[in-house]
Protein chains: 2
Amino acid sequence: MEAKLEKVTLLDPSNLENVKNTLGKALNDGKVLLIIGACSADYIGRARSELTIGDRILIVKSDRSVLLHRPKSYKPVNWQPPGSIVNISIEENDLVVKCVREKPRETLIVRFIEIYTVAILDLEDEGEFSLYASEEDMRKAILKNPAIVEEGLKPVSLERPVRSGFIDVEAIDKNGNIVVIEIKRRAADVDAALQLARYVRDLEKVRGIGKVRGIVVAPRATAEFRRLARSLGIEFKPLSPKRCLEILYGVKEKKETTLDEFIS
Amino acid sequence: MEAKLEKVTLLDPSNLENVKNTLGKALNDGKVLLIIGACSADYIGRARSELTIGDRILIVKSDRSVLLHRPKSYKPVNWQPPGSIVNISIEENDLVVKCVREKPRETLIVRFIEIYTVAILDLEDEGEFSLYASEEDMRKAILKNPAIVEEGLKPVSLERPVRSGFIDVEAIDKNGNIVVIEIKRRAADVDAALQLARYVRDLEKVRGIGKVRGIVVAPRATAEFRRLARSLGIEFKPLSPKRCLEILYGVKEKKETTLDEFIS
DNA sequence: ATATGCATGTCGCAC
DNA sequence: GTGCGACGTGCATAT
């Protein structure tokens, strides 16, 4: 039998019965399965797909998410999200991996007619993942320094960290008007204009007679956005996610920038 | 040196210099690279991310798409879409994989402090992938049999296979009204209502005075959609992608259904 | 090249 | 559980 305590345990692909049994056990132990070989795949669920035979990589993760990868493209050709029920069997001398998800009911069947490599991975990953420059970071930056949107802007309930309803930021401008801000980390498009126009209308209904201003804050705007925004009375204020990071955490690359300037 | 003509070539992780050189060569030869080990990762581009050390799977595909997978979750924790420039180097006894994408400029750096397994995969995949029950299939089914939406409905320019502008299907109802149909393969939601309302308004402007009907065709509708649709004058017609497949290709499971009925 | 909308989108969060 | 919106969304397609 294979050595334990190893991060990677390679199995003998020719002993199919052993492969099936060992993979099944490893799956229950929360290991990650890796199969490289020639397979076909069929999926039935929200849609339906067929994939004829070719060389692929199958990964079954410890949370029972399943990925079938072709040698090209970023996205898996077939997959199953976490939590699916995975069953491994032998049918007509092929290794068959059947992955079933409930709600919605979806089935993915991968049939290996040939296996090149099969491995059990015992991966430990307690690493921390941090992502910066999200829309939430932009919101925080605006709350910290509302003047980047407009001089004299005062956010309502600044102390409340969560968004009010579906509105990213609600504020009062220097003339006392209510302002609704919709933040986009990418170019403002038609959808952003429609979304904000709806919020503005909802808020006008709730607040009564007063006019409510709508501002989309985004790094840039598409031409169609500008057209639609004009007709809907929506305003636009350019602001990039990176600028927001500078506001939140200070200008990190100050030193390097200075160095660059010195060199050039 | 390792055997050629093999689908999977395992390298000796302890010989880092050889790993670096062999991976670099394999990359140029259009092979797929697989590295399993402990690594950290940093990304800078549209956003910024940091990932501290843990066990992961790195796949560099032949189209230079890059996937860094943790032992859990469907999505890669870090990645690069196809076409990025991949560079492999040794820094302070670590294997460093640097992936740069232009437009937008984005950089992903994965640093392996320990390698458990490193392999070069020579995968051949000419398999065909077919997907059914897309929104396009639903459109075809409606054009083939408009009565599933409404009795007496006549699609405009049925012979034209592509959608007209942003409107999925344009038709005339039995009373001569213009009908705009928006198809969704999932539940109709707020966005669908707003989108269609905009199309209807645009079309009314172009066509002149006449009232234009808007119908969302989808397997189901959210409560909020129904509310908004009512206030926007948008209609809803339930239709599932699967029903559309039956209309397009005939009722495939007829025989089994009959069998089920016979048994029960 | 840019913009627009689909996707077996997935994912997380609020209700 | 459902609904809603973000995502480093990716991706094809039309302009």
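The figures that follow rest on heavy atoms only: side chains count, while hydrogens, waters and symmetry mates do not. Proteins come first, then strands; the chains are lettered A, B, ... in the order of their sequence lines, and each starts at number 1.
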Practice task
Would you indicate, yes or no, if C/dT8 has its OP1 or OP2 atom less than 4.0 angstrom from a side-chain nitrogen or oxygen of A/Arg105?
Solution key: no
Handout entry: Contact under 4.0 Å: A/Arg186 side-chain N or O vs D/dT9 OP1/OP2
Key = yes
Under the 3.5 angstrom rule, does the side chain of [X] hit a backbone N or O of [Y] as a donor-acceptor pair?
X: A/Lys61; Y: B/Arg70; answer: yes
X: B/Asp55; Y: A/Leu123; answer: no
X: A/Asp137; Y: A/Lys140; answer: no
X: A/Ser84; Y: A/Cys99; answer: no
X: A/Gln80; Y: A/Val66; answer: no
X: A/Tyr43; Y: A/Ala47; answer: yes

Exercise for the section: Kindly give the heavy-atom pair with the smallest separation between A/Arg213 and A/Ile215, and that separation in Å. Expected result: NH2-CD1, 3.7 Å
Completion exercise
Taking every heavy atom of A/Leu248 against every heavy atom of A/Lys144, the minimum-distance pair comes out as O-NZ, 3.3 Å
Using whole Å, what does the distance between atom [atom2] of nucleotide [N] and atom [atom1] of [X] come to?
X: B/Asp168; N: C/dG5; atom1: CG; atom2: P; value: 10 Å
X: B/Asp137; N: C/dC6; atom1: CG; atom2: C1'; value: 13 Å
X: B/Leu131; N: D/dC11; atom1: CG; atom2: P; value: 15 Å
X: B/Leu228; N: D/dG5; atom1: CG; atom2: C1'; value: 15 Å
X: B/Glu136; N: C/dG5; atom1: CD; atom2: P; value: 16 Å
X: A/Leu108; N: C/dG9; atom1: CG; atom2: C1'; value: 16 Å
X: A/Glu135; N: D/dA6; atom1: CD; atom2: C1'; value: 6 Å
X: B/Tyr43; N: D/dC7; atom1: OH; atom2: P; value: 12 Å

Exercise for the section: With sequence neighbours left out, write down each residue that passes side-chain hydrogen bond (donor to acceptor under 3.5 Å, both in side chains) with B/Arg220, or none if nothing qualifies. Expected result: none
Problem - Listed partners of A/Arg201 passing side-chain hydrogen bond (donor to acceptor under 3.5 Å, both in side chains), at least two apart - result: none
Practice task
Give the nucleotide from the list D/dG8, C/dT8, D/dG5 with an atom nearest to the side chain of B/Phe129.
Solution key: C/dT8
Exercise for the section: Taking only the side-chain heavy atoms of A/Arg198 (C-beta and beyond), determine which of C/dT8, D/dA6, D/dG5 contains the nearest atom. Expected result: D/dG5
Under 3.5 Å, which N/O atoms of the protein pair with N/O atoms of nucleotides 1-4 of chain C?
residue : atom : partner  : partner atom : Å
C/dT2   : OP2  : B/Lys103 : NZ           : 3.3
C/dA3   : OP2  : A/Arg220 : NH1          : 3.2
C/dA3   : OP2  : A/Arg220 : NH2          : 3.4
C/dT4   : OP2  : A/Thr222 : OG1          : 3.2

Practice task
Considering only atom P, compute the distance from C/dT8 to C/dT4 and round it to an integer number of Å.
Solution key: 23 Å
Practice task
Please state the P separation for the pair D/dG8 and C/dG5 - nearest whole angstrom.
Solution key: 22 Å
Handout entry: Nearest-nucleotide comparison on DNA chain D, the residue closer to the 5′ end among B/Pro82 and B/Ala47
Key = B/Ala47
Exercise for the section: Whenever both distances are under 3.5 Å in a Watson-Crick or G-U wobble pair, mark it; put DNA chain D into dot-bracket that way, with [ ] for crossing pairs and | when the partner is on another strand. Expected result: |||||||.|||||||
Exercise for the section: For salt bridge (charged side-chain N to carboxylate O under 4.0 Å, His left out), just list the numbers for B/Arg198 and A/Glu224, CA-CA rounded to whole Å, side-chain angles, deciding distance to a tenth of an Å, and then say yes or no. Expected result: CA-CA 13 Å; B/Arg198 179 169 165 254; A/Glu224 193 57 30; 3.3 Å; yes
Fill in the blank from the handout: Closest to the 5' end of DNA chain C, once B/Lys184 and A/Arg101 are matched to their nearest nucleotides, is B/Lys184
Practice task
Could you note down all residue pairs passing salt bridge (charged side-chain N to carboxylate O under 4.0 Å, His left out) where residues 37-47 of chain A supplies at least one of them, sequence neighbours left out?
Solution key: A/Arg46-A/Glu106
Handout entry: Residues A/Asn78 and A/Ser49: side-chain donor-acceptor under 3.5 angstrom
Key = yes
Fill in the blank from the handout: Note: contacts of residues 67-81 of chain A with DNA chain D (heavy atom, under 4.0 Å) are A/Tyr74, A/Lys75
Practice task
Using a 4.0 Å heavy-atom cut-off across all strands, classify B/Pro241 as base, sugar-phosphate, or nothing.
Solution key: nothing
Exercise for the section: Using a 4.0 Å heavy-atom cut-off across all strands, classify A/Ser134 as base, sugar-phosphate, or nothing. Expected result: sugar-phosphate
